[in-house]
S.K.: 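One structure is given below, represented as structure tokens, and several questions about it will come after.
Each chain gets a letter, A, B and so on, in the order its sequence line appears, and its residues count up from 1.
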Amino acid sequence: MLRRDPKCTLCKLHSTAKTVCLLGTGPSRCDVMVIGEAPGRYEDEKGQAFVGQAGRLLTDSLERAGINREDCYITNAVNCRPPDNRTPTKAEIRACKKWLEYQIAMVKPKYVLLLGNVPLLAALGTTGIRKARGKPVEKDGIIYLPTYHPAYILREPGQAAIFELDLATFHKIIDFGGIPEERELDYIIVDNDQRFEAMLKDLRGAVSSDLETTGLYPWAEGSRIVSIGFGTPRHQWIIPGETTSQWTRKQLEEMVERITERLDGCYLVGHNWKFDALWMRVRFGVEWVAQFDTMLAHFLLDENDQHGLKYLAQKFLGAPDWDVSKDVKMGWSPKMAKYHAHDLFYTLRLKQYFAKRLALDPEVKRVFEKIMMPCVELFTNAEFRGVYIDTPKMDEAEAYLRNELETARKELVKWGPDINWRSAKQVAELLFDRLEIEVIEMTKGGGRSVSESVIKRIDHPVASAMLKYRAADKQLSSFIEGWKPFLVNSRLHPSFKLHGTVTGRLSCEHPNLQQVPRDKRIRSLITAPPGWTLLECDLSQIELRIAAELSGERNMIYAFTHGIDVHWLTAIREIARGGGLVHEVMTTAKKYIELKQGAVTYITKNKVDASKLNYGDAIQIMLEMGPDNAASLLEDWKELRKKAKAVNFGYLYGMWWKKFKIYARDNYGVNVSDEQAADSRKAFFENYPDLPAWHDRQRKFVRAEGYVRTLSGRKRRLPQAMSRDNTLERQEAERQAINSPVQSFANELNLMAALQVREEYPRNVLHIVGTVHDAILFEVRDDYVERVTRRVLEVMSGPRLLKDFEIEMSVPIEAEAKIGPWGSGKDLHKWLSQ
DNA sequence: TTTGGCGGCGCG
DNA sequence: AAAGCGCGCCGCCAAA
């Protein structure tokens, strides 16, 4: 056991220090050692190292990096306090080095963190912390990582990020058991049978896999897999693929088959695995299921960051930039093999690291394991199946739209024969310069806006032709022409990105299935092939239900538990308050009573007679009959509900009345006065009095913590909310803190249901072909439509996975089904009676 | 010739 | 003073 020497006289510091030879603290034998500069005033007084402000910062930062201070031996390069807070001199460092060597000999650390220039000089004999920091150095079998001293961070808070990054690097080194970038790859090109057999034997435990391909779209003409790779903790195996002459097609197929068997017992790791799984499915017809996707793991750990493999490897593992040019990646070469080996190597290493990070947050980990990873497989299948397109109908739609476009164009050329009507700039010049129409709005970039909202307000014959042109042009270019390049055997294969949004919703591209117009002419092009039926099931009013659940809003909860449509409730309450539409309310209510052959009973159990109907009762009856009944009696009510829906979402998520004014004008051509608009907002919160407190709770939480969580535990990090000043960014973050848990959980419910339904039916009966935020699209075999529809609605109103997440909802969840071509499907009742 | 920002607009 | 949230795609246009 090492003994300190309070009578040490190796340098002059003993004469001024209160505590002479203040040695370190921590386990006398451990892997990790931290070396600081010298005791400060507080340490000197206390006789204990690293207990001041800088010590606390060190402890916190170590913890954030995943290192427990208790597991480290912490000491200083110089063990007596230099007077006047000066740094130790070189001579003092040299003199005290003996003590440092004793301590190292005792502790026998594998990894040493050097805090600042003084320990850098003491341990490695070099100076220049700015250059040396962040770069690990190996000496006498010990890995040293220099970084700044925490005291420097206290003085220069701007350097905190770098300090944290270095500590993260340090953690990685500990975790990895060495300096990542210095550890050599050991890759083997599988170019003969012996190597293939050796590879199979090596495929056990955690195995990373990755493909190199000729492109991004596996259905494209000439798409091929260039190489198939596997990474183990021992080797990286690269199999020359379809574009090489190393193996015949038959040999490759046999190899893939044997690998498939072997992978059964492995823990398969991929980065954006859906991509690779899809390629293997398309090119070889095999289904390789991964247990860990490093891209999705990082997405859950930081949704605000990028998730590319190279970026992450460099950020977390200190990897070099191993990227090569595009043409190297697309063709087989030794250079490409090495590149491929890097992908495999770092995918496996990232898995080690992210698995530990996920383990620190069990809630997020559960989302990863129970939702994200199962969804990788679900969407691989959805994308592989694709959506079926009614191509003859598509041709008809195209002809119709081309005709529309031409008609509009003929009208437009009367006003500007030489104008490119797709150019906002040229249109603005025509309208506001040549035709001298008054400028109505400016764009964000300072141009004169020619948006739909502006054109609608222009009283000139050119305006209506413009709107017609735009509508036809948009549909034609985005949904007819835009789809053609992706059409393969009458199917589109959109790509769903599980990491596509900060809230956890999916995004979709190539093409985007989630932005298909509701216009039947386009939407109904998506259908099912003969023998199958398209089924769409959506969670009704799901965001409002979740908002009601989270806020505990009494009126919303009442409405949902009593089967009242909340958008309708808002609409009716607004009418009752404003006192408008008296005539319409009375006649609709009367008609309803007559329809019901006399008296009706409404929720308050009062009996109402048509002849003695008063306005208050009429309002109650309107509420009870709901929007569909009302609309069947008077068309106008449909619009009204739509308007209320926008009001609900707008005000719910923090919209201000000024925006409501704009909304009312653009969507309903209603010019609302400032007073009316402000009043409508007030009324909304009077109708739903518990919402403000929920808004406040969310704001307070996000300001204090810098994040919010969904019911499932998924995190939305909003560091901007922690700003001390009430900046625009902070307010934005606060609104996101309100919206995010709602939007996020709505999506998760949808995914939970999709996962369960998929599990319950085999693929010869049902395919999920896509999701649209709160809806699932299926293809169902004709003879199963009724059974499946009933079951899907059941599952969506309470997926089993909620139990795994210990979520109990007091607000009921309901789902609706539409059977038939998308956008023109019928509900089950109508479908059965056809 | 390619890239990125912008305006505009489709969806939940 | 200013205040819904979340996306992708099209074409234009200027810069590289």
S.K.: Rounding to an integer number of Å, can you tell me how far A/Phe496 CZ sits from C/dG8 P?
M.R.: 13 Å
S.K.: Does a side-chain N or O from A/Arg735 land closer than 4.0 Å to OP1 or OP2 of C/dC5, or not?
M.R.: yes
S.K.: Choosing from C/dC13, C/dC12, C/dG6, which nucleotide comes nearest the side chain of A/Asn420?
M.R.: C/dC12
S.K.: Decide whether a cation-pi geometry holds between A/Lys274 and A/Phe379; the criteria are a distance under 6.0 Å from NZ or CZ to the six-membered ring centre and an angle within 45° of the ring axis.
M.R.: no
S.K.: Please state whether the phosphate of C/dC5, meaning OP1 or OP2, lies under 4.0 angstrom from any side-chain nitrogen or oxygen of A/Ser740.
M.R.: no
S.K.: Please list, in 5' to 3' order, the outermost nucleotides of DNA chain B lying under 4.0 Å from any heavy atom of chain A.
M.R.: B/dG7 to B/dG12
S.K.: Would you give the length of the straight line joining atom NZ of A/Lys425 to atom CZ of A/Arg448, rounded to the nearest 0.5 angstrom?
M.R.: 10.5 Å
S.K.: Return no unless some side-chain N or O of A/Lys658 is found under 4.0 Å from OP1 or OP2 of C/dA1.
M.R.: no
S.K.: Calculate the interatomic distance between A/Glu303 atom CD and C/dC7 atom C1'; express it in whole Å.
M.R.: 16 Å
S.K.: Could you state the atom-to-atom distance from CD1 of A/Ile542 to P of C/dG6 in whole Å?
M.R.: 19 Å
S.K.: Can we call the ring centroids of A/His695 and A/Tyr651 under 6.0 Å apart?
M.R.: no
S.K.: Is NZ or CZ of A/Arg681 both nearer than 6.0 Å to the six-membered ring centre of A/Phe660 and within 45° of the ring axis?
M.R.: no
S.K.: Of all the nucleotides listed (C/dG8, C/dG4, C/dC7), which has the minimum atom distance to the side chain of A/Glu509?
M.R.: C/dG8
S.K.: Applying a 4.0 Å non-hydrogen cut-off, can you work out what A/Glu481 is touching in the nucleic acid: base, sugar-phosphate, or nothing?
M.R.: nothing
S.K.: Look at the side chain of A/Gln743 against the base of C/dC5 and say whether a donor-acceptor pair falls under 3.5 Å; ignore hydrogens and angles.
M.R.: yes
S.K.: Hey, are A/Lys661 and A/Asp674 close enough for a salt bridge, meaning a charged N less than 4.0 Å from a carboxylate O?
M.R.: yes
S.K.: Can you figure out which of C/dC12, C/dC9, C/dA14 approaches the side chain of A/Lys425 most closely?
M.R.: C/dA14
S.K.: Please identify which of these residues, A/Thr503, A/Leu550, A/Ile807, A/Ile542, meets the side-chain contact (heavy atoms from CB on, under 4.5 Å) condition with A/Phe745.
M.R.: A/Ile807
S.K.: What is the distance, rounded to the nearest whole Å, between atom CE of A/Met655 and atom P of C/dC5?
M.R.: 11 Å
S.K.: Name the closest nucleotide to the A/His773 side chain, picking from C/dG8, C/dG4, C/dG6.
M.R.: C/dG6
S.K.: Give a yes/no on whether any side-chain N or O of A/Gln731 is located under 4.0 angstrom from OP1 or OP2 of C/dG4.
M.R.: no
S.K.: Is the cationic atom of A/Arg641 (NZ for Lys, CZ for Arg) positioned less than 6.0 Å from the six-membered ring centroid of A/Trp568 and within 45 degrees of its normal?
M.R.: no
S.K.: To the side chain of A/Lys659, which of C/dG4, C/dG8, C/dC12 is closest?
M.R.: C/dG4
S.K.: What is the distance from CZ of A/Arg681 to C1' of C/dA2, rounded to the nearest Å?
M.R.: 12 Å
S.K.: Whom does C/dA14 pair with, Watson-Crick or G-U wobble, provided both distances fall under 3.5 Å?
M.R.: B/dT3
S.K.: Would you mind reading off the distance between A/Glu748 atom CD and C/dG6 atom C1', rounded to a whole angstrom?
M.R.: 14 Å
S.K.: Using a strict threshold of under 4.0 Å (side-chain N to carboxylate O), is an ion pair present between A/Lys393 and A/Glu396?
M.R.: no
